[in-house]
Amino acid sequence: MTKLLSYSLLSLACFLFFVQPTKINADTFRINSTTVEGNYRISDDAIVNYSRLNLSSVLSLEELNKAYTNILETGLFKEIKFSRNGSALTIFVEEYPTINEISFEGNRRFTDDRLTSYLTLKPRYVVTSKSLEKDLDSIASLYKNSGRLSARIQPKLIKLSENRVNLIFEIYEGDIAEIERINFVGNRSFSDRRLRRVLGSKQAGILRRVITRDTLVSDRITLDKRLLSEFYLERGFADFKINDVNAELSEEKDGFFISYNIKEGPKFSFGKIEISSELNEIDVDNFRKLIKIKPGEVYSPKSIQEVVSRLDDALQNRGHNFVRVNPKINRNIEDLSTDITFVLEKGDRAFIERIDITGN
């Protein structure tokens with residue numbers, strides 16, 4: 001029994017002596033030589049430099065993984081593989097191709113020069129999936145903003161020698177998606193026909209070949225919302241609100257039906273109009289005549305802003321440089337009137353830090 005126990009302990013000691021160092025050697029190693037394969041355009045030394053491997057020291061698997069990431073993050077390679085055979089490291093790379101020339105097919109709405117101006121890719125540039133996708137989105141947005149929502153752009157890469165390609169954009173422009181109808185929901189004071197005249201966008205009509213405002217563009221919808229809001233506000237509807245704008249594409253994808261869901265609110269008029277000053281040195285009677293608003297007139301933010309501008313100019317002319325006009329508004333729901341008090345108050349001082357003169 002004693003001999004058997006001694007034999008077991010001796011075997012365990014031998015196991016620990018021979019196995020444990022093998023694990024350490026598997027996790028750390030030294031690279032004495034590196035070779036690069038698969039590269040055409042980028043030199044071997046450049047690729048090794050991209051890896052940032054310190055070949056003079058003992059390396060770990062973590063450092064080798066970091067070297068792989070360093071090369072990948074250059075964005076120059078489609079695929080990278082590491083192969084280690086003892087102290088020799090081989091780096092296999094597949095470079096992204098470079099562009100020989102770029103051309104377009106099927107475009108009639110826009111010239112080649114116009115389309116090229118929207119591209120980030122150029123001849124002799126490396127073409128990657130990310131850069132190609134970005135340029136496709138740019139061209140698609142150009143056609144979308146011109147009303148051609150059914151346009152399709154298909155890139156084609158023609159392989160050449162020395163890892164070069166010709167890039168061709170095959171374009172199907174499609175037809176223009178016109179605005180077939182503009183409707184309004186929630187309007188009681190004005191008809192649909194009257195509100196359509198306010199908008200910059202127009203319904204498609206007999207002059208659709210000439211008028212381009214019947215195509216749906218997202219920027220034009222933003223402008224139309226502002227025009228509609230200004231129309232109502234200048235007519236006393238101080239609580240006017242656009243709840244939603246819905247643009248529905250027809251099944252044929254050649255026309256839009258636009259619907260504005262609005263809330264008009266009550267119509268307000270001007271009530272009491274006053275002017276006051278928080279500064280003793282200013283006599284408000286000198287400025288009262290500049291207020292052209294009369295009680296009973298339709299409430300208008302534009303009229304208020306015009307009075308503020310006239311008062312600001314008069315204060316500046318009288319040497320009151322740091323006085324501002326603050327219109328305080330009080331609504332009376334009972335009679336739908338709006339009282340306005342133009343308060344002359346002390347404004348913030350502005351200090352000049354430095355004056356530079358050029359050309360002297």
Side-chain angles (χ1 to χ4, degrees), residues 19-107 112-113 115-142 152-172:
V19 173
Q20 190 66 21
T22 304
K23 181 181 178 182
I24 296 175
N25 290 334
D27 289 346
T28 60
F29 46 85
R30 186 182 296 276
I31 300 297
N32 294 326
S33 64
T34 57
T35 56
V36 180
E37 296 184 7
N39 52 318
Y40 290 93
R41 185 181 67 260
I42 304 173
S43 66
D44 295 3
D45 292 339
I47 295 174
V48 174
N49 288 335
Y50 292 150
S51 71
R52 300 176 190 171
L53 282 173
N54 186 2
L55 301 179
S56 62
S57 62
V58 176
L59 302 175
S60 64
L61 289 176
E62 182 179 354
E63 290 173 310
L64 199 61
N65 291 333
K66 179 61 177 175
Y68 172 88
T69 303
N70 291 337
I71 299 177
L72 184 65
E73 288 178 348
T74 62
L76 300 173
F77 305 99
K78 186 177 181 180
E79 188 175 358
I80 305 166
K81 293 181 180 179
F82 279 14
S83 176
R84 184 172 63 89
N85 184 12
S87 61
L89 176 66
T90 303
I91 303 175
F92 298 91
V93 296
E94 182 181 352
E95 297 175 343
Y96 281 111
T98 55
I99 299 175
N100 180 57
E101 65 177 25
I102 300 176
S103 60
F104 304 90
E105 294 181 358
N107 54 309
D112 289 7
D113 291 340
L115 293 174
T116 301
S117 66
Y118 282 81
L119 301 180
T120 58
L121 292 171
K122 308 291 180 185
R124 295 187 297 276
Y125 277 35
V126 173
V127 55
T128 66
S129 300
K130 185 176 181 180
S131 61
L132 185 57
E133 183 179 356
K134 181 180 179 180
D135 283 353
L136 284 173
D137 290 341
S138 297
I139 300 177
S141 297
L142 176 63
R152 299 192 303 270
I153 301 94
Q154 182 67 36
K156 180 183 291 186
L157 297 176
I158 307 299
K159 292 185 178 181
L160 304 175
S161 61
E162 298 178 350
N163 202 26
R164 296 175 302 129
V165 294
N166 285 339
L167 174 58
I168 303 173
F169 290 97
E170 296 181 344
I171 300 174
Y172 169 75

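FYI, the numbering just counts along the sequence from 1.
Closest approach of K159 to V165, counting heavy atoms only: CA-CG1, 4.1 Å. For S131 against V126, the heavy-atom pair with the smallest separation is OG-O, 4.2 Å.
Under the 4.5 Å side-chain criterion, counting only non-hydrogen atoms from C-beta, T35 is not in contact with D44. N85 is not listed as a side-chain neighbour of T90, based on a closest heavy-atom distance of 4.5 Å or more. A 4.5 Å side-chain heavy-atom check between T116 and I102 finds every atom pair outside the cut-off. At least one side-chain heavy atom of L59 sits under 4.5 Å from a side-chain heavy atom of I31. No side-chain heavy atom of L53 sits less than 4.5 Å from a side-chain heavy atom of V48. Residues L167 and Y125 have side chains not in contact (no heavy-atom distance under 4.5 Å, counting atoms from C-beta outward).
Here CD1 of I168 is found 4.5 Å from CD1 of I158. Values are rounded to the nearest 0.5 Å. Here the CZ atom belonging to F29 is positioned 4.5 Å from the CG atom belonging to L64, to the nearest 0.5 angstrom. With rounding to the nearest 0.5 angstrom, the CG atom of L136 is 7.0 Å from the CD1 atom of I153. In this structure, CG on L89 lies 8.0 Å from OG on S51, to the nearest 0.5 angstrom. To the nearest 0.5 Å, atom CD of residue E105 and atom CD1 of residue I171 are 9.5 Å apart. Expressed to the nearest 0.5 Å, how far CD1 of I47 lies from OG of S43 amounts to 7.0 Å.
Every pair tested for salt bridge (Lys or Arg N to Asp or Glu O under 4.0 Å) that includes a residue from residues 115-126 fails, sequence neighbours excluded, so the list is empty.
Contacts of K156 classified as salt bridge (charged side-chain N to carboxylate O under 4.0 Å, His left out), with partners at least two apart in sequence or in another chain: E170. Among residues two or more places apart in sequence or in another chain, the side chain to side chain contact (heavy atoms under 4.5 Å, CB included) test is passed with N54 by S56, S57. Residues meeting the side-chain hydrogen bond (donor to acceptor under 3.5 Å, both in side chains) test with T34, sequence neighbours left out: none. Residues passing the side chain to side chain contact (heavy atoms under 4.5 Å, CB included) test with R52, sequence neighbours excluded: N70.
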Could you tabulate the donor-acceptor pairs under 3.5 Å formed by side-chain atoms of residues 91-100, not counting sequence neighbours?
unit_1 : atom_1 : unit_2 : atom_2 : d
E95    : OE1    : Y40    : N      : 3.3
E95    : OE1    : R41    : N      : 3.0
E95    : OE2    : Y40    : N      : 3.2
E95    : OE2    : R41    : N      : 3.2
E95    : OE2    : I42    : N      : 3.0
N100   : OD1    : R164   : NH1    : 3.2
N100   : ND2    : N166   : OD1    : 2.9

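A parallel orientation is assigned to the rings of F104 and F169, their planes being inclined by less than 30° (bins at 30° and 60°).
Heavy-atom contacts from other residues, nucleotides or ligands closer than 6.0 Å to CD of E133 number 12 or fewer.
Side chain of D135 to main chain of L119: no donor-acceptor pair is present (N/O by atom type, distance under 3.5 Å, no hydrogens or angles).
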